[in-house]
Amino acid sequence: GSIVYLGMMVGAFFWGGLADKVGRRQSLLICMSVNGFFAFLSSFVQGYGFFLFCRLFSGFGIGGAVPTVFSYFSEVLAREKRGEHLSWLCMFWMIGGIYASAMAWAIIPHYGWSFSMGSAYQFHSWRVFVIVCALPCVSSVVALTFMPESPRFLLEVGKHDEAWMILKQIHDTNMRARGQPEKVFTVNRIKTPKQIDELIEIESDTGTWYRRCFVRIRTELYGIWLTFMRCFNYPVKDNTIKLTAVWFTLSFGYYGLSVWFPDVIKHLQSDEYASRVKHFRNEEVSHFVFNFTLENQIHSNGEYINDRFIMMKFKSVTFEDSLFKNCVFEDITSLNTYFRNSEMFLFLLSTDLEQYKFVDSELINCTFFHIRTGCQISFDDDYSAYWIYFVNFLGTLAVLPGNIVSALLMDRIGRLTMLGGSMVLSGISCFFLWFGTSESMMIGMLCLYNGLTISAWNSLDVITVELYPTDRRATGFGFLNALCKAAAVLGNLIFGSLVGITKAIPILLASTVLVCGGLVGLRLPDTRTQVLM
């Protein structure tokens, strides 16, 4: 998870800066293609290191989507409905989350979908899930090939003829939809063209191809850096500092608690499991046939002589300091089952008891035949998998009411009221976590928290694109989005380390940063009636 965030952090800054140099559509096409390619590749690779490499570059690609697509979309919207339509765009983050959660719930627990090609190549159900999650990205790349560049960006770089054609197309389409096809598109004034970078033009005709490539890349990176530094110049310097504080506090509080919630639920489940587990000590069983399911059990100091374990399922079973002598394990399926510090004389046929499940155990004259690798538990057997994906699906679905409310009220009550109010209410809602003593209560708190914070995210996205001028809009948004991912990683580390230790620190920390961020957000200028710079 952290390696993807790292890629997104770098990608948001790079692709956002590139979008201000080469265009929104071009930047989106490249970054989504990078994400789609490495997402598909990660589904098939076998080595863990190469898998992390693919996820890193997949994150690097998708990191550019948010800053670029918000800049792209905002630049073709009328001022009167800009906040509402940008809020509807925010909803597709939720729809993507619901899609991912639903696909995880529907695909990953079906372990029977896996297949192998010898011992070298394994393809399990989670790999199918990775492919399915990459499909929307491929659809986006195809759709973007039919879409025009942002006319506002074209005007900014002096390509006024291309901008005029795109604006005329938008105008004519809208007039036909209104039943007024006879209205003629007219332009009263046009921006002065921007000078093209002379260094690139000079070097493009001289030197070797790799020299030209090096100069091009160096110039583009230097241009991105210069554009980023201009985000701290007058008149946007003050806004950049305030936005930095709001983005950091909202990301830290939101992602920190988001990782804390499922870990707390898991901790509650483990406590419940500990209260239900059965202990068996000093068993002596010989010449017995076990052919039934063992679940939530710990067997200590047992002796099993000439026993047969046939067509069984072991679910959360541990054998400690035990002796298995001349025992047969045949057609065994296991989940969270381990043999610790035991002495084993076994014959194993068609089981999934791989050697890593024998922890600090002595395997003497053990024979392994047809060992099944990977997880063999079915969807119906593994209730914990169902529960994890169902909770994730509920948490994602809980933001739907907040999305609808923010879209309908964004242009009515204003961005600042929604941003500050949502963050303060989210901070206050954190105190209800004191009363979360069961799984169902924690899930309810998760849904409430997600529903309140989504309005803050939507209004912050709208404010950010409206406060920056066109020549640095994507760069500024990309920097803030990169900061968001850094805060998310920091929040994950800090809040994750506190699970099971104390409730007070996570609650007070999240509440404090959210309320403080909301108060800073109220100090930002109101952009409701502002024309994009």
Side-chain angles (χ1 to χ4, degrees), residues 1-20 22-45 50-73 86 89-104 126-145 147 224 247 251 254-255 258-259 392 396 399 457-458 460-461 464-465 473-489 492:
S2 295
I3 201 78
V4 176
Y5 274 123
L6 179 62
M8 292 176 73
M9 181 173 64
V10 178
F13 182 78
F14 176 77
W15 298 112
L18 195 67
D20 283 331
V22 303
R24 283 61 165 124
R25 175 180 172 274
Q26 189 75 6
S27 179
L28 265 178
L29 267 173
I30 300 172
C31 75
M32 296 299 282
S33 299
V34 169
N35 171 58
F37 174 77
F38 282 101
F40 268 104
L41 189 61
S42 66
S43 176
F44 296 97
V45 299
F50 193 27
F51 174 77
L52 288 184
F53 174 81
C54 291
R55 297 314 299 172
L56 174 68
F57 274 87
S58 176
F60 175 71
I62 202 64
V66 172
T68 310
V69 80
F70 272 96
S71 302
Y72 188 18
F73 191 47
L86 284 172
L89 177 63
C90 294
M91 185 178 288
F92 283 87
W93 181 274
M94 175 207 70
I95 293 173
I98 291 175
Y99 173 79
S101 300
M103 291 302 101
W126 67 265
R127 297 179 181 273
V128 180
F129 168 69
V130 173
I131 293 177
V132 170
C133 282
L135 294 178
C137 178
V138 176
S139 305
S140 300
V141 171
V142 174
L144 278 166
T145 59
M147 294 179 67
I224 291 172
W247 273 89
S251 303
Y254 176 78
Y255 287 106
S258 293
V259 74
N392 194 279
T396 309
V399 304
W457 280 114
N458 292 358
L460 186 57
D461 290 334
T464 302
V465 296
R473 180 171 294 119
T475 302
F477 204 121
F479 159 68
L480 294 168
N481 208 250
L483 183 74
C484 162
K485 299 304 179 287
V489 172
N492 287 349

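FYI, side chains are in, hydrogens and waters are out, and symmetry mates aren't considered; it's all heavy atoms of this structure.
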Beyond-backbone contact of I62 with M32, side-chain heavy atoms, under 4.5 angstrom: yes
Mind checking the CE-CG spacing from M91 to L86? Nearest 0.5 Å is all I need. 13.0 Å
F479-W15 aromatic ring centre distance below 6.0 Å: no
Donor-acceptor under 3.5 Å (S101 side chain, G97 main chain): yes
4.5 Å side-chain heavy-atom contact, D461 and F477: yes
If we only count heavy atoms from C-beta on, is the L144 to Y72 side-chain gap below 4.5 Å? yes
Tell me, please, which residues at least two apart from I131 pass side-chain contact (heavy atoms from CB on, under 4.5 Å). F40, S43, F44, F123
As an exercise, state the distance from CG of L18 to CD1 of I30, rounded to the nearest 0.5 Å. 6.0 Å
Under 3.5 Å: donor-acceptor pair, side chain of R25, backbone of M147: yes
Checking T68 side chain against A65 main chain: does a donor-acceptor pair fall under 3.5 Å? no
Exam field: side chain R24 to backbone A19, donor-acceptor pair closer than 3.5 Å: yes
Return yes if some donor-acceptor pair links the side-chain N/O of S27 with the main-chain N/O of G23 below 3.5 Å, else return no. no
State whether the number of non-hydrogen atoms from other residues, nucleotides or ligands found under 6.0 Å of W93 atom CH2 is greater than 12. no
For the CG atom of L41 and the OG atom of S58, what is their distance to the nearest 0.5 Å? 10.0 Å
Residues C54 and V45: closest non-hydrogen pair is SG-CG1, 4.1 Å
Does Y255 reach the side chain of C484, with side-chain heavy atoms less than 4.5 Å apart? yes
Between the side chain of N481 and the main-chain N/O of A12, is any donor-acceptor distance below 3.5 Å? no
Could you tell me which non-hydrogen atom of R127 sits nearest to which non-hydrogen atom of S42, and how far apart they are? NH1-O, 3.9 Å
Tightest non-hydrogen contact, residues A474 and P67, listed as O-CB, 4.0 Å
Please name the pair of heavy atoms, one in A134 and one in A39, separated by the smallest distance, quoted to 0.1 Å. CB-CB, 3.8 Å
Tell me, do V69 and L28 make a side-chain contact under 4.5 Å, heavy atoms counted? yes
Smallest heavy-atom separation, A104 atom then F129 atom, equals N-CE1, 3.4 Å
Between F38 and F60, is the ring centre distance below 6.0 Å? no
Shortest non-hydrogen contact between C137 and G36, atoms and distance: SG-N, 3.5 Å
Compare all side-chain heavy atoms of V130 with those of R55 and state whether any distance is below 4.5 angstrom. yes
Let me see the working for Y254 and W247 under ring pair (Phe, Tyr, Trp, His ring centres under 6.0 Å), right down to the final yes or no. CA-CA 10 Å; Y254 176 78; W247 273 89; over 10 Å; no
Using a 4.5 Å cut-off on heavy atoms from C-beta on, say whether the side chain of F57 contacts that of N35. no
Taking C-beta and beyond as the side chain, do L29 and T145 meet within less than 4.5 Å on heavy atoms? yes
Just by modelled atom types, is the V465 backbone N or O under 3.5 Å from a matching donor or acceptor in the R473 side chain? yes
